[in-house]
Amino acid sequence: MVTLLTEIPEYCFPHELRTLRFSATEDCEIKISCNGQEVLFTLTPDAGGIVCLDEFDGLLRDLADNNPQQCTIEWNEGASISFLILPCSISLSHSAKDFCKSSFLTLQTGEKHTYLGAQEYICFFDNSESRPFFALSLLWVNKRSGKTKSQFFLETAGLSVTDKGNGYFVLAFSTSQFEPPSEGYILHTITATAGKERTQVFRVMPAIDADPVTLVYRNCFGQMESLHFFGITTEELKPTRSSASFQGTTRNYLVESVPEYTSITGTLRGGDIAPFEDLCSSTLVFLSAADGDEVCITDNELSISNNRYEPQKGNVKWRFARDGRRFTLSTPKRTFDNTFDASFF
């Protein structure tokens with residue numbers, strides 16, 4: 001007889017199931033089915049009649065492959081149990097049930113700095129019959145008069161929300177898609193909510209020293225998220241040359257010319273450090289938006305100091321994933337297009 005001892009929740013993150021435990025009086029045959037794949041184990045109980053399948057969380061991460069997946073565990077005598085595994089590549093201090101009911105699927109805590117024209121993505125998980133809806137609250141400020149105005153947008157009133165299935169819902173928006181309520185007002189903050197507990201505040205910052213650079217990456221929850229670099233971005237070209245001598249003449253027979261970019265974050269606040277680390281650990285990154293050019297992060301620097309007067313900063317080095325050098329031909333500005341009738345001159 002084989003009995004499952006581990007409590008399996010309705011849905012969970014992989015790290016919640018580090019070890020699968022059974023009590024058994026005979027060899028235990030276990031089959032794990034997930035994402036169209038099956039893994040079989042035959043384990044012998046120890047002297048106490050216990051069977052342990054260790055590092056079960058790593059197996060679930062591999063099977064889920066950055067997507068929520070329905071998993072089934074079957075064992076002797078035809079017994080089985082099914083559950084939903086939610087992708088999460090790190091170990092959180094909270095269970096999926098506790099985390100998802102009060103948080104968006106991001107490591108960002110506190111206020112997030114953004115800028116006008118930036119692309120933002122927010123995702124939450126809720127598999128209840130009556131899920132909450134997204135809402136955006138905008139605060140506009142008139143710096144001359146000191147007055148403020150507010151706007152409120154509901155999901156049902158034109159926000160771009162995607163139902164990804166399995167209880168995942170994503171809101172994508174640009175900070176420049178909203179029209180000011182009156183002349184002279186600039187966007188100050190955007191507050192996104194989904195239900196009573198999930199809240200994310202975006203503070204719209206001015207671009208002062210340099211144009212911000214945005215990298216959109218697949219975060220530890222398998223969802224797309226943006227991170228903005230308000231510091232400078234530099235481009236460096238160091239071609240890799242392969243040369244040889246031909247009849248007394250040395251020539252480069254192969255030159256790989258791929259520019260590398262270094263983007264500096266600017267000052268990182270406490271709530272920004274975990275998302276920056278998440279970006280540096282991501283395997284899928286795009287420039288500017290999720291449909292932008294794919295880039296490859298080649299290196300990063302992040303040094304955290306306990307000096308309360310020293311601003312925390314980081315940087316990433318990246319290159320385009322597909323192309324080498326790029327050149328954009330500038331188009332001359334014209335007062336009139338080619339259809340202008342100049343016959344009266």
- [ ] Go through the steps to decide whether Phe104 and Tyr121 satisfy the test ring pair (Phe, Tyr, Trp, His ring centres under 6.0 Å), and finish with yes or no.
- [x] CA-CA 10 Å; Phe104 291 110; Tyr121 304 87; over 10 Å; no
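- In this structure, Pro68 and Ile85 have side chains that are not in contact, with every pair of non-hydrogen atoms separated by 4.5 Å or more.
- In this structure, Phe320 has its ring center under 6.0 Å from that of Tyr261.
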- [ ] Before giving the answer on side chain to side chain donor-acceptor pair (under 3.5 Å), spell out for Thr114 and Glu120 the whole-Å C-alpha distance, their side-chain angles and the decisive distance to 0.1 Å.
- [x] CA-CA 9 Å; Thr114 184; Glu120 300 293 349; 2.7 Å; yes
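- Side-chain atoms of Pro239 and Val258, non-hydrogen and from C-beta on, never get closer than 4.5 Å to each other.
- For the atom pair Asn66 CG and Arg61 CZ, the distance stands at 11.0 Å (nearest 0.5 Å).
- For the atom pair Asn76 CG and Asp27 CG, the distance stands at 8.5 Å (nearest 0.5 Å).
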TODO: Apply side chain to side chain donor-acceptor pair (under 3.5 Å) to Glu16 and Ser95, showing your working.
DONE: CA-CA 7 Å; Glu16 298 178 59; Ser95 66; 4.5 Å; no
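- No more than 12 heavy atoms of other residues, nucleotides or ligands lie within 6.0 Å of CD in Glu7, so this atom counts as exposed by the packing criterion.
- Taken to the nearest 0.5 Å, the CG atom of Leu5 stands 4.5 Å off from the OG atom of Ser23.
- Taken to the nearest 0.5 Å, the CG atom of Leu237 stands 4.0 Å off from the OG atom of Ser257.
- For the side chain to side chain contact (heavy atoms under 4.5 Å, CB included) criterion with Thr106, the lone passing option out of Glu225, Gln223, Lys112 is Glu225.
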Open item on the list: As a quick check of understanding, evaluate side chain to side chain donor-acceptor pair (under 3.5 Å) for Asn127 and Glu10, giving each step before the final call.
Closed with: CA-CA 10 Å; Asn127 65 345; Glu10 177 187 1; 3.1 Å; yes
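- A salt bridge links Glu236 with Lys238: the closest approach of a Lys/Arg side-chain nitrogen to an acidic carboxylate oxygen falls below 4.0 angstrom.
- With a 6.0 Å radius and a threshold of 12 heavy atoms from other residues, nucleotides or ligands, Lys164 has its NZ atom above the threshold.
- In the displayed structure, Glu310 atom CD is contacted under 6.0 Å by more than 12 heavy atoms of other residues, nucleotides or ligands.
- Under the salt bridge (Lys or Arg N to Asp or Glu O under 4.0 Å) criterion, Arg218 pairs with no residue at all, not counting sequence neighbours.
- The number of heavy atoms from other shown groups lying within 6.0 Å of CD (Glu301) does not exceed 12.
- Proximity of the aromatic rings of Phe173 and Phe202 is defined here by a centroid distance below 6.0 angstrom, and this criterion is met.
- Residue Phe56 holds its CZ atom at 4.0 Å from CD1 of Ile73, rounded to the nearest 0.5 Å.
- Remark: aromatic rings of Tyr11 and Phe125 are close, center separation under 6.0 Å.
- Contact detail for Val204 and Leu187: the closest heavy-atom pair is CB-O, 3.5 Å.
- Here the side chain of Gln200 pairs no donor or acceptor atom with the backbone of Thr191 at under 3.5 angstrom.
- In this structure, Ser305 and Gln312 have side chains that are in contact, with non-hydrogen atoms separated by less than 4.5 Å.
- Within the 4.5 Å cutoff, the side chain of Phe124 has heavy atoms near those of the Arg131 side chain.
- The only member of Ile81, Leu20, Leu53 that meets side chain to side chain contact (heavy atoms under 4.5 Å, CB included) when paired with Thr6 is Leu20.
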